[in-house]
Amino acid sequence: MANGNYKTIMKDGLWDNNGVFSMLLGMCPSMAMTTSATNGFGMGLATAVVMAASSYLVAVFRNRITTEVRIPVYILIVAAMVTVVDLGMNAWMHELYKVLGLFIPLIVSNCLPLARLEAFAAKQPPFPAFLDGLFMGLGFTIALTVIGAVREIIGSGTLFADASLLLGPSFKAIELRLLPADMGVLMMILPPGGFIVTGLLVVGKRLLDLRAGKEIQMAGAHAV
Amino acid sequence: MKEFALMMIGAALVNNVILARFLGLCSFMGVTTRVDTAAGMGLATTFVITVSSMADWAVQTYLLDAYGLGFLRTVTFILIIASAVQFTEMTIKKVSPTLFQMLGIYLPLITTNCAVLGVALLLVEGRMGFLSATMFAFASSVGYSLVMIIFAGLRERLVLADVPRLFAGPPIAFIVAGMLAMAFMGFSGIATS
């Protein structure tokens with residue numbers, strides 16, 4: 001495959017076909033785990049690791065998996081990768097693991113990994129599939145970090161609070177306080193804020209795409 | 001008895017699966033364009049959540065905990081859920097072919113509905129007994145169905161509204177869902193769970 005194709009895969013994952021803002025897949029963690037930018041970032045990275053690994057594995061075995069049983073096989077592969085990430089995070093990033101809690105095992109039922117396996121990894125050689133999984137996952141990470149950042153800035157006036165606690169001491173430098181503590185709008189941290197911020201950010205992406213002269217995508221992938 | 005009632009209200013309204021816990025958002029956005037499909041989906045999901053939660057509870061207690069196989073939880077649960085969905089699909093096909101036709105492609109998707117796995121994980125982590133686990137699963141899924149039907153009703157009206165082009169479709173639906181979540185926050189304080 002030529003270099004141009006790899007570039008398209010990367011650009012698709014990060015922006016053009018962004019899992020959250022364009023395809024509207026994987027909405028559960030992108031609202032539940034975005035009360036702060038740090039949580040969103042951690043959740044996104046965990047998902048990216050699972051996506052890259054399971055895309056690679058599915059692409060390796062793509063000629064051996066029969067069409068009839070492919071969905072259960074995909075789910076099992078994703079579940080195995082999720083278990084690996086789950087145990088790994090519990091061992092090495094315990095603070096972050098405690099915050100993300102329930103939503104790490106729930107990566108299994110996130111529609112984004114499964115959608116990419118079905119749409120891409122099932123038909124492509126291992127390396128492009130790995131790249132697609134990785135960059136779709138990174139696009140997901142960016143989306144979650146942005147949603148988290150908006151909610152955190154408006155809601156509590158900070159940015160990347162607790163990053164040193166959750167990600168490691170070297171992240172101390174990115175912890176910021178932008179607004180005084182009493183100016184936070186609590187609603188943004190609470191569930192309604194998640195829905196409203198996500199809705200407005202989808203509009204934002206449409207606006208940027210429109211400025212760049214592209215067609216705006218009117219519906220999500222699962223408005224079947 | 002009073003504790004059970006409070007726990008069920010807590011699971012259905014206060015900590016609503018969709019609006020407070022953010023589980024099952026794909027179906028919440030995907031299948032709520034018409035009230036009757038949303039109601040059918042709610043019914044099928046209620047059945048799957050209740051049945052698979054009971055099975056998950058039994059497997060967790062008598063198999064995984066008993067033999068120290070906790071790390072296999074995610075893989076086992078998703079298999080149980082997939083079988084429960086298959087079972088539901090066959091039952092609905094036999095009992096009501098009309099509903100089967102209406103739900104069509106959405107039925108297999110219940111497997112990847114995070115509400116199903118999420119509720120199972122919640123009740124296992126909450127260390128509940130069998131009866132309260134079943135009640136919790138049932139109440140949670142009733143809360144899920146309720147919100148699905150309300151939101152479908154809102155969206156049927158939303159189609160007729162004159163929405164700016166940039167907001168059309170999902171974005172305005174998200175904002176309406178945010179307002180619905182605000183309304184549901186009014187329930188907090190009734191019961192805690």
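Everything numeric here is computed off the predicted structure, so don't read it as measured data. The sequence lines fix the lettering, A, B, ..., with proteins before strands; numbering per chain opens at 1.
Between chain B and the residues A/N90, A/T198, A/I75, the most heavy-atom pairs under 4.5 angstrom are made by A/I75. When each of B/N113, B/L122, B/V75 is checked for heavy-atom pairs under 4.5 Å with chain A, B/V75 comes out on top.
With a 4.5 angstrom heavy-atom cutoff, B/F77 does not touch chain A via any of its atoms. Within the 4.5 angstrom heavy-atom criterion, atoms from both the backbone and the side chain of B/A177 approach chain A. Proximity to chain A involves both the backbone and the side chain of B/I175, based on heavy atoms less than 4.5 angstrom apart. Interface remark: A/I71 contributes no atoms to any contact with chain B (heavy atom separation under 4.5 Å). Proximity to chain A (any heavy atom under 4.5 Å) is shown, for B/I172, by neither the backbone nor the side chain. With a 4.5 Å cut-off on non-hydrogen atoms, A/M187 touches chain B through its side chain but not through its backbone.
At least one side-chain heavy atom of A/N17 sits under 4.5 Å from a side-chain heavy atom of A/M136. A 4.5 Å side-chain heavy-atom check between A/C28 and A/L106 finds every atom pair outside the cut-off. Side chains of B/I18 and B/M148 form a contact here, defined as non-hydrogen atoms less than 4.5 Å apart. Using a 4.5 Å heavy-atom cutoff, the side chains of B/L79 and A/L76 are in contact.
Side-chain N or O atoms of B/R21 include none that pairs as donor or acceptor with a backbone N or O of B/A115 at under 3.5 Å.
Ring centroid separation for the pair B/F28 and B/F22 does not come in under the 6.0 Å cut-off.
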